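Please read the structure below before turning to the comments.
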Amino acid sequence: MASKTATTAQMLQRISDEGQKLPQAERRNFLKNGLLLAGSAMTGGAISGKVNAAEENLPPNVPAWTRSLGQGVLTNPYGKPSRFEGNIQRRAVPWLTADRFASISFTPLAELDGIITPSSLVFERYHSGIPDIDPDDHRLMIHGMVDRPVILTIDDLRRFPSTSMIRFLECPANGGMEWRAAQMDALQFTHGMLSCCEWTGVLLSTILQEVGLQKDAAWVLAEGADGSHMSRSIPLDKAMDDALVVYAQNGEPLRPEQGYPIRLFNPGWEGNTSVKWLRRLEVGDKAWYQREETSKYTDLLADGRARKFSYVQECNSVVTFPCPEKPLQDKGRYEVAGLAWSGTGKIKRVDVSFDGGVNWRPARLKGLVLPKALTRFGLDWDWDGSPAMIQSRAVDETGYVQPTFTQLRAARGMSSIYHRNAIHTWRLHADGTVTNVQIS
Amino acid sequence: MYRLARLSLVLAAFSLSACAADAAGKNDSAGEITITEFNAPVAQPSGYFGYGQDASVEEIAGWDIDIRPDGMGLPPGGATAEDGEMLYEDQCALCHGSFGEGVGRYPVLAGGEGTLSEDRPEKTIGSYWPYASTVWDYIHRAMPFMQPESLSDQEVYALTAYVLYLNDLVEYDFKLTQDNLALIEMPNKDGFFLDDRPDTSNEACMSNCKDPASIRITSAPPATEEVDSDVVEASGAEAASGQSTYEQACALCHASGVGDAPIPGDASTWAARIDAGREALIANALAGKGQMPPKGGQIQLSDEDVIAAVDYMLEVTAN
């Protein structure tokens, strides 16, 4: 196990470090020329996980941990994962951003099961680092076109009727490095700006109803207490529909990385609108056109025009097993697994292709199928050892079918950065390794 | 109006084992258990809960920093690009370059006009931003990167004027004020349109959907040589706390040398500082000096962490 873990970690580290060795000018060309990667390093220990077991722990022998006392209660009062899971980490691509304060890290999707992302592993996105906020000193101000401008404490917020919902959270730049060409040979880096948690808080509609909206109210500006004072204009329709002022995530208080003590959460919408460390909500009659909804988070098309207020994360899916981090070990029977999600509702179906999209087979939807939530799918498959092109294609309850890359590029060109939800292709090689490709 | 959300879903709790491998969509047909996912609280009239305290005019004024394209929110004041030139050099050029050309991967502020439909569009304030109000708002809200909200309103007017001047949008001596900022026409003001997606329409074809002979790999990350695992493991194990603090808190400036920050390993810029002695360097790192805020702006760091980072930089430089 140790050697398998080290090998995968090395591969990911190498992918994320590769660009750092390059001179500044060449880093930019990375996006065009693609990234060197250590796919071949996956052979050997990574593929044969069984070679690492120690004989003295296997039957008929009885391992030491079965013949001794383990650690007592309160060894880790807030808990932590097994020391054998050190490979499960958020990782960054250092050359992607100028520094670590306005930057991003990725969720290790290949290592996760089910639909809930552990709070510790939800991808990070900061524009000015993580503020260290004392909840006793934090306030939420609500003002503008309201009858009663108000300042709420965290205790005030917790007195309102609460609501919990399981919903995905995705950065609209997820997969954005792949618009021009396939360049990241790891699921963590092609799709890892993605997570799904149970979020608990107060519906924004409850709060706005409480303070009283004035006649021409049409927009809400949400603003964070971090150094960037992150700010987005939210249409009132969304604010009154399912937007949530969140204080808990997966049953525990929000993590600092996720906006402690409170954040906004807009289900199904691009993550940037779910403003973290929320300090202020201003109601107005027009949009504010903040930097993060003009310069950034607008989708530039080939003709030079740009789509604005493109909030929804459209239907998307990806195969999480096999993938570059999780190659196949031998010929035989497998359950191919994956995730599907849609910002407009529930996943209706997912199909999987092993021949690059010529023929498709329906997959099973597994466990909870919730609106605007990650949805697990699986499919039994007998691998005969031949190379394959594995794809998944999701359909949501509106009937929208996840597009091919060719279709998406035809509609938007190559410079959109955001909202890349195209069908993804993993190339399975005869030795069981998996690499990232784009195909015609 | 308040919408009562009462969403229900069908949970196929026990049906999976009964499903054949290809039975997608049958989850709804066997072993149905209908559960209620969430109930929105019943809508209540304004003031029903009565929580919190009224926000005073003064309290709101301290936090209400947003500026709209129509100029709403701008404080009184005015300044010219000339007023902003030195300030820009001091506060902005470190990252954005003297001409707004951008240093490293920090944002380019000027140029790029007419490139939006080209293969490599350059989205700058001049070429892309639709409203000048956003420039004032963002400088005031989020800049300088390490000390946001440290600029006076007059300084924000001056810097906004200077950045617009770098984009040839105002003259050097044009006085930008709360009355004329909203009147400035940005070149790309009509370049945006409202979300009209979905803009693709794929079909869920199931068989013989395309000619297998037409499939080509159009791109793939190039493969690389085998990783030398000994080297990788060794370098990972060497990571010391001083190094990690350096990377987390100091490298922002010290790795690139912005703001005259000495770069570890660059003996020439360190010589005079090393002469001053380790104690003096530690004192500066803790208290701040020149462009460097106390503890590099990372106030949550312990003194020990900062000292370890100083020692790490000295060690790298000595070697």
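Just so we're on the same page: letters track the sequence lines, and every chain starts at 1. For the numbers below, each heavy atom of this structure counts, side chains included, while hydrogens, waters and symmetry mates do not. Just so we're clear, the structure is a prediction, and the values are computed from it rather than from any experiment.
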Inset, instruction - Heavy-atom distances under 4.5 Å only: say whether Asp190(B) touches chain A with side chain, backbone, both or neither. - result: neither
Legend entry - Contact origin within Asp137(B) toward chain A - heavy atom pairs under 4.5 Å: side chain
Legend entry - Reported CH2-to-CD1 distance for the pair Trp136(B) and Ile67(B), which is rounded to 0.5 angstrom: 5.0 Å
Inset, instruction - Identify which of Ala142(B), Ser219(B), Ala251(B), Pro198(B) forms the greatest number of heavy-atom pairs closer than 4.5 Å to chain A. - result: Ser219(B)
Inset, instruction - Among the options Thr153(A), Thr97(A), Val211(A), Thr398(A), pick out the one with the most heavy-atom pairs lying under 4.5 Å from chain B. - result: Thr97(A)
Inset, instruction - Can you see which heavy atom on Arg197(B) is nearest to which on Ser310(A), and at what distance? - result: NH2-C, 3.5 Å
Inset, instruction - Say whether Ser56(B) and Glu59(B), considering side chains only, have a donor N or O and an acceptor N or O under 3.5 Å apart. - result: yes
Inset, instruction - Name the member of Leu140(A), Asn436(A), Asp132(A), Leu213(A) that forms the most heavy-atom pairs with chain B at distances under 4.5 Å. - result: Asn436(A)
Legend entry - Top contributor to chain A contacts, counting heavy-atom pairs under 4.5 Å, from Cys95(B), Gly114(B), Gly47(B), Pro148(B): Gly47(B)
Inset, instruction - Examine whether an atom of Arg307(A) lies under 4.5 Å from a heavy atom of chain B, and if so say whether it belongs to the side chain, the backbone or both; otherwise answer neither. - result: both
Inset, instruction - Return the minimal non-hydrogen interatomic distance between Ser128(A) and Asp226(A), and the atom names on each side. - result: CB-OD2, 4.2 Å
Legend entry - CG on Asp351(A) to CZ on Arg393(A), rounded to 0.5 Å: 4.5 Å
Inset, instruction - Answer with side chain, backbone, both or neither: which region of Ile417(A) has an atom nearer than 4.5 Å to a non-hydrogen atom of chain B? - result: side chain
Inset, instruction - For the pair Arg141(B) (side chain) and His229(A) (backbone), establish whether a donor and an acceptor sit closer than 3.5 Å, ignoring hydrogens and angles. - result: yes
Legend entry - Tyr128(B) versus chain A, the contacting section by heavy-atom distance below 4.5 Å: side chain
Inset, instruction - Side chain from CB out, backbone as N, CA, C, O: work out which of these in Leu300(A) comes under 4.5 Å of a heavy atom of chain B, or both, or neither. - result: both
Inset, instruction - Assess whether atom OH of Tyr48(B) is packed by more than 12 heavy atoms of other residues, nucleotides or ligands within 6.0 Å. - result: no
Legend entry - Rounded distance [0.5 Å steps], OG in Ser133(B) versus CZ in Arg291(A): 14.5 Å
Inset, instruction - Look at Asn208(B), Asp66(B), Ile60(B) and state which one has the largest set of heavy-atom pairs under 4.5 Å with chain A. - result: Asp66(B)
Inset, instruction - Could you look at Ser207(B) and say if it's the side chain, the backbone, both or neither that has a heavy atom under 4.5 Å from chain A? - result: both
Legend entry - Proximal component of Glu335(A), with respect to chain B [non-hydrogen, under 4.5 Å]: neither
Legend entry - Between CE on residue Met206(B) and CZ on residue Arg361(A), distance to nearest 0.5 Å: 9.5 Å
Inset, instruction - Taking atom types as modelled, find out whether Ser117(B) and Arg305(A) have a side-chain donor-acceptor pair closer than 3.5 angstrom. - result: no
Inset, instruction - Give the C-alpha distance, both sets of side-chain angles, the deciding distance and a yes or no for side chain to side chain contact (heavy atoms under 4.5 Å, CB included) between His419(A) and Asp195(B). - result: CA-CA 12 Å; His419(A) 300 118; Asp195(B) 190 4; over 6 Å; no
Legend entry - Contacting region of Ser201(B) [heavy-atom separation from chain A under 4.5 Å]: backbone
Legend entry - Donor on one side chain, acceptor on other, Thr200(B) and Gln407(A), under 3.5 Å: no
Inset, instruction - Flag the one option from Phe309(A), Tyr400(A), Phe101(A) with the top tally of heavy-atom pairs under 4.5 Å to chain B. - result: Phe101(A)
Inset, instruction - Examine whether an atom of Tyr131(B) lies under 4.5 Å from a heavy atom of chain A, and if so say whether it belongs to the side chain, the backbone or both; otherwise answer neither. - result: side chain
Legend entry - Per-residue contact mode, Ile65(B) against chain A (heavy atom under 4.5 angstrom): both
Inset, instruction - Tell me, out of Asp54(B), Asp119(B), Leu116(B), Asn202(B), who's got the most heavy-atom pairs with chain A below 4.5 Å. - result: Asn202(B)
Legend entry - Pairwise side-chain contact, Tyr138(B) with Glu292(A), heavy-atom cut-off 4.5 Å (strictly under): yes
Inset, instruction - List in chain and number order the residues that pass side chain to side chain contact (heavy atoms under 4.5 Å, CB included) with Phe49(B), two or more places apart in sequence or in another chain; answer none if no residue qualifies. - result: Phe160(A), Pro161(A), Thr206(A), Glu210(A), Gln44(B), Tyr51(B)
Inset, instruction - With a 4.5 angstrom heavy-atom cut-off, could you sort out which part of Arg427(A) is near chain B: side chain, backbone, both or neither? - result: side chain
Inset, instruction - Check each atom of Met72(B) against the heavy atoms of chain A and say whether the ones under 4.5 Å are side chain, backbone, both or neither. - result: side chain
Legend entry - Structural part of Pro45(B) lying under 4.5 Å from a heavy atom of chain A: backbone
Legend entry - Residue Gln147(B) versus chain A: region with a heavy atom under 4.5 Å: neither
Legend entry - chain B contact via Ala287(A) - side chain, backbone, both or neither, heavy atoms under 4.5 Å: backbone
Inset, instruction - Among Arg280(A), Met230(A), His143(A), single out the residue with the greatest number of heavy-atom pairs under 4.5 Å to chain B. - result: Arg280(A)
Legend entry - N-O pairing of Asp299(A) and Arg412(A) below 4.0 Å: no
Inset, instruction - Examine whether an atom of Trp129(B) lies under 4.5 Å from a heavy atom of chain A, and if so say whether it belongs to the side chain, the backbone or both; otherwise answer neither. - result: side chain
Inset, instruction - Count the heavy-atom pairs under 4.5 Å between each of Thr404(A), Val395(A), Val312(A) and chain B, then report the option with the highest count. - result: Val312(A)
Inset, instruction - May I have all residue pairs that pass salt bridge (charged side-chain N to carboxylate O under 4.0 Å, His left out) and include part of residues 204-221 of chain B, sequence neighbours excluded? - result: none
Legend entry - Among the listed options Ser295(A), Ser353(A), Ala411(A), the residue most often paired with chain B at heavy-atom distances under 4.5 Å: Ser295(A)
Inset, instruction - Go through the atoms of Leu208(A) and report whether side chain, backbone, both or neither lie under 4.5 Å from a heavy atom of chain B. - result: neither
